[in-house]
**Student:** 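Here you go, one structure.
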Protein chains: 2
Amino acid sequence: MSGHEKSRLLSSAVADQRLLQHKVKPTAMRVLVLEYLLTQQTAISLNDLEKGMQPADRITIYRTLKTFEQKGLVHLIDDGTGVHKYALCDDACGPAEHHDLHVHFYCNNCKETYCLSDSKIPEIALPDGFGFNEMNLVVKGHCDKCRS
Amino acid sequence: MSGHEKSRLLSSAVADQRLLQHKVKPTAMRVLVLEYLLTQQTAISLNDLEKGMQPADRITIYRTLKTFEQKGLVHLIDDGTGVHKYALCDDACGPAEHHDLHVHFYCNNCKETYCLSDSKIPEIALPDGFGFNEMNLVVKGHCDKCRS
DNA sequence: AATTTCATGCAATGCAATTGCATTGTTTCA
DNA sequence: TGAAACAATGCAATTGCATTGCATGAAATT
């Protein structure tokens, strides 16, 4: 390991830890992506991620996110805009299943997508014979910043 | 008006009525699309609509659906598959707003998308400062046909 | 050191939504 | 009625994004 590598690892011990916990090999790229995600308050698209951490290859980021998703670090959000958004999972998420059954909020004004971790999705009464597996609830409106 | 045209109009009085109610000029194309939609039990994609009523131009169907949506005849459903689905609205829908705050159900087995008109979306508690406008709730699982 | 496995980067593909433009049909109005 | 204005249609082309193929490079394992 080079000196540069070592110092990088030291400065990103948190990210490394998190990667290792989820059995993801902490490469430079992955640490960078994870660190960037850690700075975000809202979900982010591949495009914005690419812009924010240039120079970095779009496809590599894409595959990194896919790996993160499979290992339970990140969940993919479909907010209805047509473009995928990504956000860090709670610690409780693992490779087998995501525990992100929370509400997502899309602000029609600033176009940001929030994870409302505290707003749980209530029970829905389904017609007879229908069996529940997963669900996706997106609320749209104006966020706190855009209303004040 | 030709005899053929007249008989067509007579046989599709229901569709014509519905179009006129929503201030949509009942052209041949629009009547055909609406009649096809009336036969559907589940939401349908542009692709399937095109296949089902060939020969008909894909783009024209697309724009017809867009018109229907704007006039409150049809609502567009984002079921998370990435392709848009369309379904007829309740009579209560108008041009200004859609009253389709019902749950949509996607069957992971038969890939059909249902409008669960009777399952209303419950109140969601949002964080302070967040204002509600619209919402989209998609439940996924297995439908009644695929479980029996 | 050699082999294998994994990560990365670039190019290319695929799919669906959407737009531009020319043509045709329909309404309006003098 | 006839011409102008407008709306609907059809075809071609474009866009935007997700996704895959393939070749190179790095890392781990023996």
Side-chain angles (χ1 to χ4, degrees), chain A residues 1-2 4-6 8-9 15-16 19-20 22-34 36 43-51 53-71 73-86 95 111 113, chain B residues 1-2 4-6 8-9 15-16 19-20 22-34 36 43-71 73-86 111 113:
Chain A
M1 185 186 298
S2 73
H4 172 264
E5 269 285 289
K6 181 180 278 185
R8 184 193 61 71
L9 283 179
D16 275 42
L19 288 171
L20 290 172
H22 288 86
K23 307 233 164 58
V24 177
K25 199 195 300 178
T27 68
M29 195 68 196
R30 288 169 176 172
V31 172
L32 285 176
V33 171
L34 177 51
Y36 196 90
I44 188 171
S45 69
L46 178 58
N47 255 329
D48 290 344
L49 209 35
E50 186 190 10
K51 282 176 198 151
M53 41 182 301
Q54 55 190 234
D57 180 57
R58 176 188 188 77
I59 313 299
T60 304
I61 302 177
Y62 169 77
R63 279 194 265 236
T64 301
L65 290 169
K66 201 156 195 179
T67 302
F68 284 4
E69 197 203 348
Q70 288 165 349
K71 296 307 179 74
L73 272 150
V74 149
H75 62 276
L76 191 157
I77 302 163
D78 176 7
D79 59 10
T81 59
V83 314
H84 290 169
K85 303 285 170 61
Y86 301 86
K111 317 297 186 198
T113 300
Chain B
M1 187 187 296
S2 73
H4 173 264
E5 269 285 289
K6 182 181 276 185
R8 185 193 60 72
L9 283 179
D16 275 42
L19 288 171
L20 290 172
H22 289 85
K23 308 231 163 58
V24 177
K25 199 195 300 178
T27 67
M29 195 68 196
R30 288 169 177 171
V31 172
L32 285 177
V33 172
L34 177 52
Y36 197 89
I44 187 171
S45 70
L46 177 58
N47 254 330
D48 290 344
L49 209 35
E50 186 191 9
K51 282 176 199 153
M53 41 182 300
Q54 55 190 240
D57 181 55
R58 177 189 187 77
I59 313 300
T60 303
I61 302 177
Y62 170 76
R63 279 195 264 234
T64 299
L65 290 169
K66 202 156 195 179
T67 302
F68 284 4
E69 197 203 347
Q70 287 164 350
K71 297 305 179 70
L73 271 150
V74 148
H75 62 276
L76 192 157
I77 302 164
D78 176 8
D79 58 10
T81 60
V83 315
H84 290 170
K85 304 284 169 65
Y86 301 85
K111 317 299 186 199
T113 300

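Values reported hereafter were calculated over all heavy atoms of this structure, with side chains retained and with hydrogens, waters and symmetry mates removed. Below, chain A is the first sequence line, B the second, and so on; all start at residue 1.
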**Student:** Between protein and nucleotides 19-24 of chain C, what N or O pairs are separated by less than 3.5 Å?
**Tutor:**
{"residue": "dG20(C)", "atom": "O6", "partner": "Arg63(B)", "partner atom": "NH2", "Å": "2.9"}

**Student:** Pairs under 3.5 angstrom, nitrogen or oxygen only, protein versus nucleotides 4-7 of chain C, please.
**Tutor:**
{"residue": "dA7(C)", "atom": "OP1", "partner": "Arg30(A)", "partner atom": "NH1", "Å": "2.7"}
{"residue": "dA7(C)", "atom": "OP1", "partner": "Arg30(A)", "partner atom": "NH2", "Å": "2.7"}
{"residue": "dA7(C)", "atom": "O5'", "partner": "Arg30(A)", "partner atom": "NH2", "Å": "3.4"}

**Student:** Do Val33(B) and Met53(B) come close enough that some side-chain heavy atom pair is under 4.5 Å?
**Tutor:**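 When only atoms from C-beta onward are counted, Met53(B) and Val33(B) do touch, with a gap below 4.5 Å.
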**Student:** Give me the atom names and distance for the closest heavy-atom approach of Leu49(A) to Ile44(A).
**Tutor:**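 Looking at all heavy atoms of both residues, the shortest contact is N-CD1, 3.7 Å.
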**Student:** Measure across Ala15(A) and Val31(A) and return the closest heavy-atom pair with its distance rounded to 0.1 Å.
**Tutor:**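 Between these two residues, the closest heavy atoms are CB-CG1, 4.0 Å.
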**Student:** Which residues within residues 46-57 of chain B lie with some heavy atom under 4.0 Å of an atom in DNA chain C?
**Tutor:**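 Result for residues 46-57 of chain B: Leu46(B), Asn47(B), sorted by number.
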**Student:** Cut-off 3.5 Å, side chains only: do Asp79(A) and Thr81(A) have a donor facing an acceptor?
**Tutor:**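 A donor-acceptor contact under 3.5 Å links the two side chains.
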**Student:** Who pairs with Lys66(A) by side chain to side chain contact (heavy atoms under 4.5 Å, CB included), at least two apart in sequence or on another chain?
**Tutor:**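 Counting only residues at least two positions away or on another chain, Lys66(A) forms a side chain to side chain contact (heavy atoms under 4.5 Å, CB included) with Tyr62(A), Gln70(A).
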**Student:** Return the set of residues passing side chain to side chain contact (heavy atoms under 4.5 Å, CB included) with Ile59(B) (not counting sequence neighbours), or none when no residue passes.
**Tutor:**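 Scan of Ile59(B) (side chain to side chain contact (heavy atoms under 4.5 Å, CB included), adjacent residues dropped) gives Asp57(B), Arg63(B).
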**Student:** Counting C-beta onward and ignoring hydrogens, is there a side-chain heavy-atom pair between Arg58(A) and Ile61(A) closer than 4.5 Å?
**Tutor:**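 Side-chain contact under 4.5 Å: no.
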**Student:** Mind checking side chain to side chain contact (heavy atoms under 4.5 Å, CB included) for Lys111(B) and listing every partner two or more places apart, or none if nothing turns up?
**Tutor:**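 Side chain to side chain contact (heavy atoms under 4.5 Å, CB included) check on Lys111(B) returns Tyr106(B).
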**Student:** Can you find a heavy atom in the side chain of Leu19(B) that is under 4.5 Å from one in the side chain of Leu73(B)?
**Tutor:**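 Side-chain contact under 4.5 Å: yes.
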**Student:** Can you check the Leu32(B) CG to dA8(D) C1' distance for me, whole Å?
**Tutor:**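 Rounded to the whole Å, the gap is 14 Å.
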**Student:** If you compare all heavy atoms of Ala56(A) against all heavy atoms of Glu50(A), which two are closest, and at what distance to 0.1 Å?
**Tutor:**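 Heavy atoms only, the tightest pair is O-CG, 4.0 Å.
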